[in-house]
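Numbering of residues begins at 1 and proceeds along the displayed sequence.
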Amino acid sequence: MMVTWNKVIEVLKEHDVIEKETLDSWIIPKTKLLMIDDDTAFLSVGNTISKKILEQSKKEFEAAFSEVCAKDMNVQLMDEAMVSKYNLSNTVQPRQTYDFEIKSAIFNDTYTFENFVRGGSNEEAYSACLQCCNERGKHTLNPIMLYGNSGLGKTHLLHAIGNYLQLERPECKVYYQYSGGIVDLILEAMRSNSVHGNNVDEVKRQLSKYDYFLIDDIQNLKQSSSQEVFFSIYNELIIKNAQVILTSDMHPDELIGIQDRLISRFKQGLTINISKPEFDTSRAILRKKLEGHEETCSISDDVIDYLARKFSDDVRNLEGSLNKLIFNATLENPDIIDMDFAQRILMKEPVVINQDELTLKGIKKAVTNFYGLTYKDLEGKSRQKKIMNARHIFVYLSREYLHKPYVAIGQEIGNRDHTTILSSYDRAIKLMNEDDAFKKAIESVLKLLNIK
């Protein structure tokens with residue numbers, strides 16, 4: 001905790017948002033970081049003056065914590081009475097033991113290898129996942145890490161592994177969980193540790209007994225204390241030759257807030273990118289989705305081609321657009337779903353951007369034109385609200401529409417590090433939900449870019 005708190009103080013001093021004398025006299029000696037639980041930092045406050053300063057500067061402290069922790073953070077102020085009430089002292093207090101139940105994995109039976117539509121964008125991932133299911137003895141690909149944008153089939157493959165093993169190799173013990181579920185489990189074990197029994201060790205013991213360990217969205221394993229426990233579990237699994245399969249929305253080298261030693265281990269097996277499906281694969285996905293609807297729903301080939309071109313960036317969106325057409329066809333009962341029908345129903349759907357036509361430079365130019373700034377303003381160190389908002393919008397659009405790595409985005413605006421860029425992206429998401437003016441500014445920049 002002390003390391004994190006010191007980093008927060010350094011960020012506040014670096015950004016010069018609170019006077020150094022105030023920090024040295026009233027914050028550092030009078031305030032302690034008690035704990036971080038998920039997205040909340042709990043601070044104990046020594047006196048009334050310190051509490052008032054913290055209350056007035058809460059947003060600045062939350063911004064600093066967000067930058068250090070690489071995610072959007074809240075700050076909770078605790079006086080002595082609250083510290084006692086919630087048992088948040090620096091001394092470990094005995095607590096009641098707690099029976100942990102590692103629930104059996106439940107797999108979606110519609111996600112199988114048989115109905116996974118293969119193509120150049122996902123063939124390697126499909127083959128690796130199927131191969132690991134049939135290996136006995138030492139696993140040659142361990143861990144397998146699948147990465148790519150959301151909606152391209154990573155979760156489908158994890159469920160396909162689970163369904164295949166339950167049918168073909170029921171003796172295998174299979175664990176599947178979203179990374180947030182792992183964090184919750186570990187943190188609860190840490191909070192409920194007791195002198196009567198070590199719940200963290202019990203969680204380690206139970207999780208280390210599986211033959212297949214499937215974790216979805218590993219990029220969300222950002223809580224530092226849980227990473228220590230996860231590291232131990234991971235090593236135990238590898239040592240006992242359990243197969244580990246992970247998914248992420250980014251390459252391991254781009255993971256923010258994950259310990260280097262974990263990233264190194266994630267890369268020691270097989271790392272596979274799943275990209276957006278090419279045109280033929282998108283068509284095959286749509287044809288697969290239409291199976292069973294042939295007698296009640298006729299759809300023209302040019303509509304299939306239209307959907308395959310427009311919605312191929314996200315398989316869920318691709319399937320959703322077809323579902324929308326099928327549903328509306330049941331309401332209107334047309335003879336055939338043709339282009340006129342499809343375009344009328346889908347006219348409000350977002351236009352997919354051709355990444356070859358949109359560049360970081362183009363976004364940068366549009367943002368600076370909208371705000372009346374120069375590139376030097378955007379790349380500099382000024383923290384004026386207008387300039388900060390311009391940076392947030394540049395980061396948000398670069399990530400959302402180009403899917404650029406945080407490192408590449410940072411290089412474009414003054415060689416800022418990936419942690420700063422991630423914090424800026426999270427800030428943009430928050431402002432979009434809370435600040436109408438910021439949301440309208442994004443819409444205006446999108447218009448400049450001809451993005452509807």
Side-chain angles (χ1 to χ4, degrees), residues 102 105 107 111 113 116 121-150 152-166 168-169 172-183 185-186 203-224 226-275 405:
I102 307 297
F107 296 103
Y111 288 166
F113 285 120
F116 185 83
S121 60
N122 57 35
E123 180 67 40
E124 185 181 6
Y126 170 89
S127 299
C129 290
L130 183 58
Q131 177 179 325
C132 80
C133 289
N134 291 298
E135 286 184 327
R136 289 169 170 79
K138 185 171 178 58
H139 290 286
T140 58
L141 310 172
N142 210 9
I144 295 172
M145 184 165 187
L146 311 178
Y147 74 95
N149 292 331
S150 177
L152 298 180
K154 302 185 298 295
T155 298
H156 184 137
L157 285 172
L158 291 188
H159 282 261
I161 291 170
N163 284 319
Y164 182 92
L165 291 170
Q166 287 182 344
E168 301 294 335
R169 299 179 64 190
C172 290
K173 295 178 180 178
V174 184
Y175 181 79
Y176 167 78
Q177 184 59 272
Y178 169 70
S179 62
I182 285 280
V183 171
L185 179 65
I186 292 173
V203 167
K204 288 181 183 178
R205 186 189 68 79
Q206 291 193 39
L207 290 180
S208 299
K209 70 183 181 181
Y210 287 92
D211 302 302
Y212 285 80
F213 194 72
L214 320 177
I215 304 297
D216 216 349
D217 285 338
I218 196 66
Q219 75 274 2
N220 293 315
L221 188 79
K222 293 179 181 177
Q223 218 286 344
S224 59
S226 64
Q227 287 185 41
E228 295 293 333
V229 180
F230 184 84
F231 180 80
S232 176
I233 294 168
Y234 177 92
N235 283 341
E236 287 291 329
L237 290 164
I238 295 296
I239 289 171
K240 72 183 286 281
N241 194 38
Q243 176 69 62
V244 178
I245 305 102
L246 313 169
T247 74
S248 170
D249 65 1
M250 62 190 74
H251 188 277
D253 287 334
E254 294 181 5
L255 291 172
I256 306 299
I258 307 292
Q259 295 175 1
D260 288 343
R261 59 179 182 170
L262 274 172
I263 292 175
S264 175
R265 281 160 176 77
F266 294 165
K267 297 193 304 182
Q268 72 184 13
L270 182 64
T271 302
I272 304 173
N273 175 237
I274 300 181
S275 57

**OP:** Taking atom CG of Asp260 as the centre, report whether more than 12 heavy atoms of other residues, nucleotides or ligands fall under 6.0 Å from it.
**Re:** no
**OP:** Over all heavy atoms of both residues, which pair between Gln166 and Phe107 is shortest? Give the atoms and the distance, please.
**Re:** NE2-CD1, 3.4 Å
Original post:
For Lys173, does the NZ atom have more than 12 heavy-atom neighbours from other residues, nucleotides or ligands under 6.0 Å away?
Top reply: no
Original post:
About how many Å separate NE2 of His159 and CZ of Phe113, when rounded to the nearest 0.5 Å?
Top reply: 12.0 Å
**OP:** Measure across Ser248 and Met145 and return the closest heavy-atom pair with its distance rounded to 0.1 Å.
**Re:** CB-CE, 3.4 Å
Original post:
Once you round to the nearest 0.5 Å, how far does CD1 of Ile233 lie from OH of Tyr210?
Top reply: 11.0 Å
Original post:
Would you say Asp249 and Tyr147 make side-chain contact, with heavy atoms under 4.5 Å?
Top reply: no
Original post:
Is there side-chain contact between Tyr175 and Ile182, with at least one heavy-atom pair below 4.5 Å?
Top reply: yes
Original post:
At what distance, to the nearest 0.5 angstrom, does CG of Leu158 lie from CG of Asp217?
Top reply: 9.0 Å
**OP:** For Asp211 and Arg169, run salt bridge (charged side-chain N to carboxylate O under 4.0 Å, His left out): C-alpha distance rounded to whole Å, both residues' side-chain angles, the deciding distance at 0.1 Å, then the answer.
**Re:** CA-CA 11 Å; Asp211 302 302; Arg169 299 179 64 190; over 6 Å; no
Original post:
Do Gln243 side-chain atoms and Phe213 backbone N/O form a donor-acceptor pair below 3.5 Å?
Top reply: no
Subject >> Where Leu146 and Lys154 come nearest, the two heavy atoms and their spacing >> reply: O-CD, 3.7 Å
**OP:** Flag the pair Asn220 / Tyr178 as yes when at least one side-chain heavy-atom distance between them is below 4.5 Å, and no otherwise.
**Re:** yes
Original post:
Nearest heavy-atom pair of Ile272 and Ala125: which atoms, and what distance?
Top reply: CG2-N, 3.8 Å
Original post:
Of the options Asn142, Asn235, Ile238, Val244, which is the one that meets Arg265 in a side chain to side chain contact (heavy atoms under 4.5 Å, CB included)?
Top reply: Asn235
Original post:
Less than 4.5 Å apart, any side-chain heavy atom of Thr247 and any of Ile215?
Top reply: no
**OP:** State whether a side-chain donor-acceptor pair under 3.5 Å links Ser264 with Gln268.
**Re:** no
**OP:** Working to the nearest 0.5 Å, report the span between CG of Leu207 and CD of Gln177.
**Re:** 9.5 Å
Original post:
Could Lys209 and Glu236 be called an ion pair, given the rule that one side-chain N must be under 4.0 Å from one carboxylate O?
Top reply: no
Original post:
How about Tyr212 and His139: are their ring centroids closer than 6.0 Å?
Top reply: yes
Subject >> Straight-line distance of Leu237 CG to Phe230 CZ, nearest 0.5 Å >> reply: 8.0 Å
Original post:
Between Cys132 and Ile161, what is the shortest heavy-atom contact and its length?
Top reply: SG-CD1, 4.5 Å
Original post:
Given side chains that start at C-beta, do those of His251 and Asn273 come closer than 4.5 Å, heavy atoms only?
Top reply: no
**OP:** Return the minimal non-hydrogen interatomic distance between Leu141 and Gln131, and the atom names on each side.
**Re:** CD1-NE2, 4.0 Å
Subject >> Donor-acceptor side-chain pairing of Gln219 and Ser179 below 3.5 angstrom >> reply: no
**OP:** Report the distance from atom NZ of Lys138 to atom OG1 of Thr140, rounding to the nearest 0.5 Å.
**Re:** 9.0 Å
Original post:
Judged by modelled atom types alone, do Tyr176 and Asp216 share a side-chain donor-acceptor pair under 3.5 Å?
Top reply: yes
Original post:
Passes side chain to side chain contact (heavy atoms under 4.5 Å, CB included), Tyr111 versus Leu157? Steps please.
Top reply: CA-CA 7 Å; Tyr111 288 166; Leu157 285 172; over 6 Å; no
